[in-house]
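Scope of the values below: all heavy atoms of this structure, side chains included, with no hydrogens, waters or symmetry mates. Throughout, a chain's letter reflects where its sequence line sits, starting with A, and its residues are numbered from 1.
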Amino acid sequence: MSIDSILFYLFAVIILGSAIMTITRRNVVHSAIWLIGALVGVAGLYLLQGAEFLAGVQIIVYVGGITVLFLFVIMLVPVREEALTHRFSNQKWIAVFCSVVVFVILLAFVVHGVGSLDFPAGDEPIELGSLTKNSEEVGYVLFSEYLLPFELASILLLVAIIGAVVMSKTRNSETEG
Amino acid sequence: MSEHILSIIWLTPLIGMFVVMCLPKENKSLIRYVANGFAILGVIVTLPLIRGFDTAVADFQFVERIDWIPTIGAQYYLGVDGFGYIMILLTVIIGWLSIWCGWESIQEKVKEYYAFFLFLQAGMLGVFMVLDVFLFYVFWEIMLVPMYFIIGIWGGPRRLYAAIKFFLYTLTGSVLMLLSLLTVYFKHIEQFGNASFALEDMMRVAAYAAPDLQFWLFWGFFIALAVKVPMFPFHTWLPDAHTEAPTAGSVILAGILLKMGLYGLVRFAMPLFPQGASDGVTVNLVAFLSIVGIIYGALVSLMQKDWKKLVAYSSVSHLGFCTLGLIALNPNGIAGGILQGVNHGLSTSLLFLAVGVVYDRRHTRAIADYGGLANRMPVYTVLFAISMFASAGMPGLNGFIGEFTILRGALEVNTWWAVFAALGIILGAAYLLWLFQRVMLGPITNPKNEDMKDMNLREILIMAPLIAGCFWIGLYPKPCFEILEAPTAKLVERLDPGYFSRNGLENPLDKYEQSKTAALVRE
Amino acid sequence: MEVATSHYLILSTLLLFIGTVGVLTRRNIIVILMSIELILNAVNINLIAFSSALQQIHGQVFSIFVITDAAAEAAVGLGILIALFRNKETIRVDEIDLLRW
Amino acid sequence: MDAILFSAADFHVLKPAILLCLFGCGILITDAFLIRNRAERWKNAIPALAAQVAVAASLVQHLGDVRSGGAFSGLNGSMQVDGFAVFFNWIFVIAASLAIVISARYMDAEGEHRGEFYGLILFAQAGMSVMASGYDLVVLFIGLETMALSFYVMVGFLRDTRRSNEAALKYLILGAFSSGLLVYGFSILYGISGSTNLSEIAKATAARPESDLALFLALITCSVGLLFKISAAPFHMWAPDVYEGAPTPVTAYVSVASKAASFALMLRIFLTAFESSAEAWTPLLGAIAIVTMTIGNFAAVTQTNMKRMLAYSSVAHAGYILLGLVAGNETGLRGVAVYILAYVFMNYGAFTLVAALRREGEAAEDIDDFNGLYHRAPGYTILLAIFMLSLAGIPPLAGFYGKYFIFLAILREGYYVVAILAAIYVAVSAFYYFRVIRACWLLKEGEQPAHLDMNFGTRAALATCAFLTLLIGIYPQPFIDFAGEAVLPALR
Amino acid sequence: MFFLDSIWLIPMFPLLGAAVMLLFGRRLEPQQVQGPPEDDHSHHDGRHGQPAGRTLINILCPGMVLVSFVFALGAVFQLQDVEGHSYEVVKWTWLAGLDSATGMGLSAFTADWGFLLDSLSSVMILVVTGIGFLIHVYSIGYMAHDGGYYRFFGFLNLFLFFMLLLVLANNYVLLFVGWEGVGFCSWGLIGFYFRKQSAQNAATKAFLVNRIGDAAFVLGMLLTFTTLGTLTFTEIGPALNEGGFQIEESWGSWGPLSLLTLFFFIGACGKSAQIPLHVWLPDAMEGPTPVSALIHAATMVTAGVYLVARSSDIYVLAPKTMLIVAAVGGMTALLAAFIGLVQYDIKKVLAYSTISQLGYMFLACGVGAFWVGIFHLYTHAFFKALLFLGSGSVIHAVGGEQDMRKMGALKDKIPITYKTMLIGAVAISGVPGLAGFFSKDEILWKTFSAHRVDLYVLGLFTAMMTAFYMFRLIFMTFHGDNRVDPRTHVHESPRSMTVPLMILAAGSILAGYVGTPVVFGPVHNMLPSLEHWLSSALVVEDSGEHHAAALEWGLIFLSVVLALFAIWFAMKKFKTDKYEGEPMHGIIGKQCHQLFLRKYFVDEIYDIFIVKIAAKRSGLRLALFDRQVIDGAVNGVGLLTRITSLFSIFGDKWVVDGLVNIIGYGVKFVSYPIRMFQTGIVQNYVLLFVIGLGVVAGYYLFE
């Protein structure tokens, strides 16, 4: 029972637990909080896998950005009373049942399938604490092989910005009618 | 000029359509004149064809062949032999007359009416001259559209229903036909490598296609054609379409459109799949359906209260004869079937024109609304009687020739076919005479009919050529048989190789070869 | 003992499952969007696991893009949500059934 | 991997995308600063069209290069320019320009005429062009998302109409979910091959043993994601709602361009990454294609809303196109290309007329609104009839040839039952297309008849669509050749 | 050989007349169309006004017939010099049909517009043109008061054209043209008073019943062609020899010859009104009387006999058919005679007598004495025409009354008519010395000598009854008390009517002397022999072993005695001063009387079984069937259709809209549930999405 396996299971429990909480909380704010928990857990896994840079990104972008955005919107839209009472849709049971079945099948694939993947019999994963190395590699690959997607991502974000702006702008706030 | 005569023939009405579309819609009389002008022009441009057509040549004439879609091997490939020739003549004549007969009865949307009609005319002419299966399918589908509109816009009260019914029936049939012709097409590619839709190339496939495959492919074609014919279980669109269509529409429908089924059989379905056509199941089944159609159509029309419906069902009966003849697969049967198709075109068109005459006056098709017309319209009575007897197969008129030839072909195969078909002759007289009695004879029962005008000159002139045709075919059908003999012999040899030699007959084709060579020698 | 890659994958699949259930069952659109975030995170877990197993960096880079996409989607989604809320005063997904049949 | 910066070659490869992005940003700026009032908004269309022209020019270059030197790739093989890419880029150019042309009047009528709209059109197109020529999972994914996001926004662009919001939200939720699954599949592919480059992946998957579960896992998730994008049943549910709710030009754009792009993506992935397991997915896709045709055709029959009817019909068309992939032989793939090409024009034509019926203050989208349209606008009604007939696959119109190749392809593979079903459905589809023709020609007009509101752009768009529908129908040779040479070498 | 080469002209003259009449006749006719039916013969003063145009008609139409009569005579005279007494003129090939396989192997089907004049047709054309001419002349007077004059003469001429075509044709197909043509003309002439419902029905009935025969005729022709490979009369005989056909004796199997002869005979039955197709002839009396005389007594109805005689050399090879022909003929003769006993309508009596006489002719043919059949045909033409015209004159005299119970004591008022009719009656009754005697006795004798004693007795009995009902007619009409409606002014007919009567009377006295029995020895040898003349065209077998002349004398004596007895009996019963009650009751009993009066209920039976059930019912059924089941089946909701169609309200909705239902109900039936999935709630979509995912995954997992 090595240390990182313990850590893995710990993070796994955190992730799954808070994920479940996220989708089951009555109050949306609580859900958002639990979401943060899940995301942090994922970040932990990144660290565990030696992807420190990514872990950082995860914390900054997700926790610092997206979740805040969520909370912000939650504040914008008043929560109605019955939204609290009926949190689950009418199809919840059938839905749960179906997704259980489906994902049991998928799990079967995962369990039997991925075992058959042959990874280069690796020396032990990149040791912790070499932040620079990891970020360097990421940066290098990002700007060499994935330069194009990187540029495109900017367009993607631009579109997102436009979208957000267009959508949330009210008509009277426009310059002219 | 004359090497492009076929293109000219089918393009003339098309050009006419565009011209008509360009005319101002207010000026109805101008439109009428232009449209009829093009219709007559359509007849005129066929004269070189009539002059140049040589019945002594067994294979296709006036062939035009241009690559159209090389990638898939589709060509603009025209040509006529006896079958196509006789159908083209029928089409230009009846097309012209039906355009003419809308002169007064069509009052609204005149421009569109004539545009659609010329369009339809072009499409039908195309069908009768294409030798490229792909192009054939194209023309085949094209005609549906104008016909849909003609029924749907100018038809009777239930026109919407009739139009869509007509369209869907025929479309369903023809997509199945598409499937089976595609199958042949790629079988051809597999066999010979090159992609081609040309009829003769497609016909080469039959030698390599398994009989059962041919069987199914034949039926793929046959259902489409049977819907158009229409054969017994597929006929239910016909009464509605006929009844609801305007007079000219019914004339075109009965006169030409139904013939496409027959033509498609002899030109495409049978030659492409000889074993499929001569398969025992096919023959017996088709013969059975035809006979059922003959008797059935007659009995049903016996009971109709609607004049046009009666004539429509009589078409079912007559075309039962035609298909019976075709499926007999021997010269008399096939030639008789086609000839009877032509006859039906003439006589049924006459009957529909006759209905149109009184319909224009009284705007009702119910037989009960008439009666004693003979008192007021003697000329009309005479013309109608002639049409009636032509349709009832009175010897000396065309109907008899066709039925007799068909029965001869049928008897050659199976006595019982002939016996049952002969019942059709009896019943045919029955419903027509009864109709005549109810409509023409007796005192005038309905005061509205008191001041019926007799036929005017235009109406008489429209019917005259057809009646002349009836008499001509009835008294001197030899030319028709001469036209049909060569292609028939070709077809029979393909369907039933050695038919002639087996029966100790000299194959007419040899005769033609000799005559052709002789002709060459002379020049 | 070594934590096999399959463990990560199973974990991610479970996360995917939870996300799906969230999308399927919650009435609150915001929560549905959150669940979608969960799904994308599941993908990321996969990528990271693979990249470490393969001794490669590409997976990590890929997951960066996935995160970007997640951010963009969330932004647009919330924007649309606001627009909708402005018209319809609701964020309940089953009250949005104007377009049907 | 020494080339950190773009090389000239990379620029050449990227030219369409780059141009589009530049013009897109340009429009945003000019709209913000130059366009004074609403009346001038239509001017935004000018740079947008200019962008199309530029892209078209670069595509001509690309095609020339491909013809001379075969396919070439850039950016370390993450982009590949081949006939396939060029062909689909052409489709996008046509679709986008038509969308731009018909938008101005429509968005005016909707009172939502804004510069961003044109920007989004261009960005979406950029995404699509990347999808068409991308050769790397990441690139494809980002391209896909760019397109998708732009469409979410465009669909919801009418912020004050609830239908529009609703459509956008549904589209977003479903789209995000599906792309989540898709990218999950991508991750598995990455895991299998250790690379994101399609050629690498193709090598790796080809090396996998028969019926490898991991590969299947990737296959499942990817195909589900892609089937959603092409709106194949049972993942088609978004299509009707989105088509109905979206502003009509966007509907047209989505129904044509996004479908085409998704098909491009699907073909790319299935014929590279999953080519080795073809016999595994062929029957499945076949079944899905049949279900799709069935649902699409039958559901369309009873629709009353024109856009919704067209939506279902487009679902059915997706089924037909899918059959081409199922057949998998060259005829089938050619058929896919031809079908899409024809589909662009006839579908755009139909939607353009629907859009033309939208006038300030009145939304006329029901089939009943077309009643007696013939009396008011005979010419346009004839065009509409042409489009409908072409959609129904009546020769000699463009729509027929797509079906022709598809039928031929599946017959070749010996799927007779499928062929007969597909053929029967043609008749069924004729029924609902003819409902429109019937409404226009045969029915009396209602109390307050809807009127067509045309401007130059709309007329131009209609003319183009009708002309090409007819041209492809009567002289299809060059188009068939183009489709063939574009698609075949790239895929086999 | 001018006349022989121009035999094809013989039919053409009447055709010309007909064409002129039917095309331009209306111009010659003062009144538009004929007046209402009831004024057929009533209210006429003695004078016959002749409108201007009519004079032309009167000259043209009979003139044409006269010309062709002359040509016929000339041709026949020239024919005598031709050896083989047969001359053929082929104008042009008509049906150059395509080759087809036949029993004789090769055969290129041809039917020409060819005309054959041989001894058989020579008799026919003389009868047709001669009697035709007389009747034309007669009609001038008879039809004087009717409108549609031109129509009448046009049709009459047209009829002669077709009839001559029929008898002059050199092949079956052309014969069939005439065959149908005369049917058509009879249709037109029966329905001449086309406003009378009864006339219309009679016309239609006549045509349809004939049509049945025609269908059989067509089949007969086809069988002939497929068996013998030709339809030309002159080639039939050679083909038979060449084919080496044997006499088809055995009753077990029906050879082609028996079959085709049977078909021909059915055709003949239709035309010649033999049982069971006799029903149309009595009704045909709706037509003007000259028509009845010409078409329904003298010429057209005998076409059947002509056909059988024409095909005699096939018939002799089919004894089975021969027997059937004889039997049917005999039965018809007897049964028709029975009906004739009790009719009151003077024309009906004659009509049934005609049927009965036709039966005689077939009887003769049936026993192989074809020439005798023709002989009787020829004599019968004279006296039956005479009788009809006479009755017409009577009707004319008493103002359109046809019921004999309203006549009587006319013999002094219309003497000429009386005398001529009396001659006719005597002739038909077979009193020695007149035409009927010779032919009828020849028939009886041939029957006897062919060892068909049963048929002989039958014929003998019929002969007796013939005499009886004929004199019943005479006595009821001309003797006894005057039962004529006193208001009518009875008057003798004009010249144009009486002269033909007299000529015909002379004919019916003399016509018989061309067929005197052999036993007359010197007389027989002195006179021309029709038998010898016809032997060139017909099979004339010398009846095997010669019976003793005594026997023949005895039979002749017997029949004469019976005839005389019948006449005496009729006189006793009907030559009463006061006609009351129904004398027939005393003789044959009430029930039989009813039975005969109602013609054995045959019409009723046909009406029920054929017209009502077969035609109309099934027609209706099928019409319904068409609407319901065919389309219904198309709907795929056949059962539902049949149920709903019970309620006619929904009937239309479900039934009539045939195919639209496959779409409208079939497809919509599928369409709605599919749309049901589209709930508009996005989560349901996602759920379906997930399920789809599951299906796909499951497929791969379990594949």
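Most heavy-atom pairs under 4.5 Å with chain E, from the set B:Val379, B:Leu433, B:Asn330, B:Val492: that is B:Leu433. When each of B:Ala392, B:Gly372, B:Ala421, B:Ala385 is scored by its heavy-atom pairs under 4.5 Å with chain E, the top score falls to B:Ala392. Ranking E:Phe263, E:Trp179, E:Phe176 against chain B, the residue ahead of the rest is E:Phe176, based on heavy-atom pairs under 4.5 Å.
Atoms CG and CZ, on B:Leu397 and E:Phe184 in that order, are 9.0 Å from each other to the nearest 0.5 Å. Going from atom CG of B:Leu423 over to atom CZ of E:Arg211 covers 12.0 Å, rounded to the nearest 0.5 Å. Here the straight-line distance linking atom CG of B:Leu411 with atom CE of E:Met221 works out to 11.5 Å at 0.5 Å rounding. The CG atom of B:Leu441 sits 7.0 Å away from atom OG1 of E:Thr204, with the distance rounded to the nearest 0.5 Å. Going from atom OG1 of B:Thr405 over to atom CG of E:Leu222 covers 9.5 Å, rounded to the nearest 0.5 Å. Between the CG atom in B:Leu407 and the CG atom in E:Leu219 there is a gap of 7.0 Å [rounded to 0.5 Å].
Both the backbone and the side chain of B:Val419 come within contact range of chain E, with heavy atoms under 4.5 Å apart. For E:Trp113, the part lying under 4.5 angstrom from a heavy atom of chain B is the side chain only. When heavy atoms are compared at a cutoff of 4.5 Å, B:Phe404 approaches chain E by way of both its backbone and its side chain. When heavy atoms are compared at a cutoff of 4.5 Å, B:Leu475 approaches chain E by way of both its backbone and its side chain. For E:Asn201, the parts lying near chain B are the backbone and the side chain together; criterion is any non-hydrogen pair under 4.5 Å.
Across all their heavy atoms, E:Leu208 and B:Ala429 have their closest contact at CD2-C, 3.8 Å. E:Ala215 and B:Ala422 get closest at one heavy-atom pair: CB-O, 4.0 Å. Pairing each heavy atom of E:Gly181 with each of B:Met394, the nearest pair is N-SD, 4.4 Å.
E:Phe207 and B:Phe436 have their aromatic ring centers separated by at least 6.0 angstrom.
Applying the 6.0 Å contact sphere to CZ of B:Phe420 captures no more than 12 heavy atoms from other residues, nucleotides or ligands.
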